[in-house]
Amino acid sequence: MYVGFIGLGVMGQPMALNLARTGTPLIVWNRTTTRTEALGEAGAEIAARPAEVFDRAGVVILMLAGETAIDAVLGRRTPEFAERVAGRTVVHMGTTSPEFSAALEGDIHAAGGKYAEAPVSGSRVPAEQGQLVAMLAGDEDAVETVRPLVAPMCRETFDCGPVPGALLMKLSVNLFLITQVTGLTEAFHFADRHGLDRRRFLDVLEAGPMASPVSRMKAPKLLNRDFAVQASAEDVLMNNRLIAEAARKADLSSPLLDVCHALFDETVAEGHGGEDMVAVLRALEARTDGTRPHGVPDNGRDGTPVPPVPQPGLT
């Protein structure tokens, strides 16, 4: 029986390639067909439409950007939904709200299918190297079906209990990642605008206890103003919104996240959503230079906290 893989974006394509290279019988689909060419060369079969993937695969992995795309591919709330998921295991590897995932699990179970969450931590380079970290949640039999399939993509996996435990874990990890990279970028901007040797600043950082795989990956990009995407600013903003929404629903304070939320909103508003998350440097520079986008309050330079831009569904 084939394994299906739907969603061959920045992360999905290298993940699927690592799976195909193990000899797993793979059938893939992507809305932008050019993204399937490398998979075809690696031995995967290319489906003409999502329904073909479900017709031929017993397990279907979804690495899609957002809830609307997932519902569309599954044919959710249409007669085709039950036909697609019945007797199959659906694996959600993207990032959505925990509530969406829990409701989707209920619908898939009601239609006679199985469901597992398997979101991953990492960006494009770890995806290419098969060095992602997976978080698994769902019924035991579904998780055990998924575990060997994520192994070629990941260096380690962690069980996170029932759905939506894996997505909540992913959001927790991403909260740290967002604040960490934003802090690194602000420190770089601080050193730069004080006239320090930027390379020397990064050398000092590398020699000290703050050095990490994340800083080693992002520091050269800051130094060279290399905004080629590994994890896009737009995707970070989406994650920020999901984390903020989950925090509000649990009555949790998230002051660091809220500042990052505003900065990434500004980065995307300036037209840099398709660039790497270190493009948040552009928002910091705009604040310093007084050139923030129209409609964004020009505060923060005097130490005044900058409130996050309100988002739909957030209070």
- From the list Asp141, Thr145, Thr89, side chain to side chain donor-acceptor pair (under 3.5 Å) with Lys114 holds only for Asp141
If you compare all heavy atoms of [X] against all heavy atoms of [Y], which two are closest, and at what distance to 0.1 Å?
X	Y	answer
Pro98	Leu168	CG-CD2, 3.6 Å
Cys260	Ile178	CB-CG2, 3.7 Å
Tyr115	Ser101	OH-OG, 2.7 Å
Val28	Val53	C-CG2, 4.3 Å
Gly75	Arg84	N-NH1, 3.8 Å

Would you mind checking if [Y] and [X] are paired as a salt bridge, meaning a charged N to carboxylate O distance below 4.0 Å?
X	Y	result
Lys170	Glu117	no
Arg124	Asp276	no
Asp265	Arg241	yes

Keeping [X] on the side-chain end and [Y] on the backbone end, is there a donor-acceptor pair under 3.5 Å?
X	Y	result
Glu67	Ser97	yes
Lys221	Asp226	yes
His194	Phe190	yes
Ser215	Ser212	yes
Asn224	Pro220	yes
Arg88	Glu83	yes

- Within a reach of under 6.0 Å around CD of Gln230, are more than 12 heavy atoms found that belong to other residues, nucleotides or ligands? yes
- Tell me, yes or no, whether the heavy-atom count around Glu186 atom CD, taken from other residues, nucleotides or ligands under 6.0 Å, exceeds 12. no
Do [X] and [Y] belong to the same hydrophobic cluster, where Ile, Leu, Val, Met, Phe, Trp and Tyr are linked whenever their side-chain heavy atoms lie under 4.5 Å apart, directly or via other members?
X	Y	result
Leu132	Met277	no
Leu202	Met217	no
Val236	Leu281	yes
Met63	Tyr2	no
Leu257	Leu171	yes

Report, one line per pair, each donor and acceptor closer than 3.5 Å where one atom sits in a side chain of residues 5-19; sequence neighbours left out.
| residue | atom | partner | partner atom | Å |
| --- | --- | --- | --- | --- |
| Gln13 | NE2 | Arg35 | O | 3.1 |
| Asn18 | ND2 | Pro14 | O | 3.4 |
| Asn18 | ND2 | Ala127 | O | 2.9 |

- Using the ring of each side chain (for Trp, its six-membered ring), is His92 parallel, tilted or perpendicular to Phe100, with breaks at 30° and 60°? perpendicular
With side chains defined as the heavy atoms from C-beta onward, is the minimum distance between [X] and [Y] less than 4.5 Å?
X	Y	value
Ile243	Ser254	no
Met238	Asp235	yes
Arg282	Glu266	no
Asp289	Arg193	yes
Leu223	Arg199	yes
Leu74	Leu62	yes

- Derivation and outcome, side-chain contact (heavy atoms from CB on, under 4.5 Å), residues Thr182 and Phe264: CA-CA 9 Å; Thr182 305; Phe264 277 97; 3.3 Å; yes
- Phe227/Val278 under side-chain contact (heavy atoms from CB on, under 4.5 Å): CA gap, chis, key distance, verdict: CA-CA 7 Å; Phe227 300 118; Val278 296; 3.9 Å; yes
Could you pull out all donor-acceptor pairs under 3.5 Å where a side-chain atom in residues 104-112 meets a protein atom, sequence neighbours excluded?
| residue | atom | partner | partner atom | Å |
| --- | --- | --- | --- | --- |
| Asp107 | OD2 | Arg76 | NE | 2.9 |
| Asp107 | OD2 | Arg76 | NH2 | 2.8 |
| His109 | NE2 | Asp139 | OD2 | 3.4 |

- Will you find, in the side chains of Thr78 and Glu80, an N or O donor that is under 3.5 Å from an N or O acceptor? yes
When the side chains of residues 154-164 are checked against the rest of the protein, which donor-acceptor pairs come out under 3.5 Å, sequence neighbours left out?
| residue | atom | partner | partner atom | Å |
| --- | --- | --- | --- | --- |
| Asp159 | OD1 | Arg147 | NH1 | 3.1 |
| Asp159 | OD1 | Arg147 | NH2 | 3.2 |
| Asp159 | OD2 | Arg147 | NH2 | 3.1 |

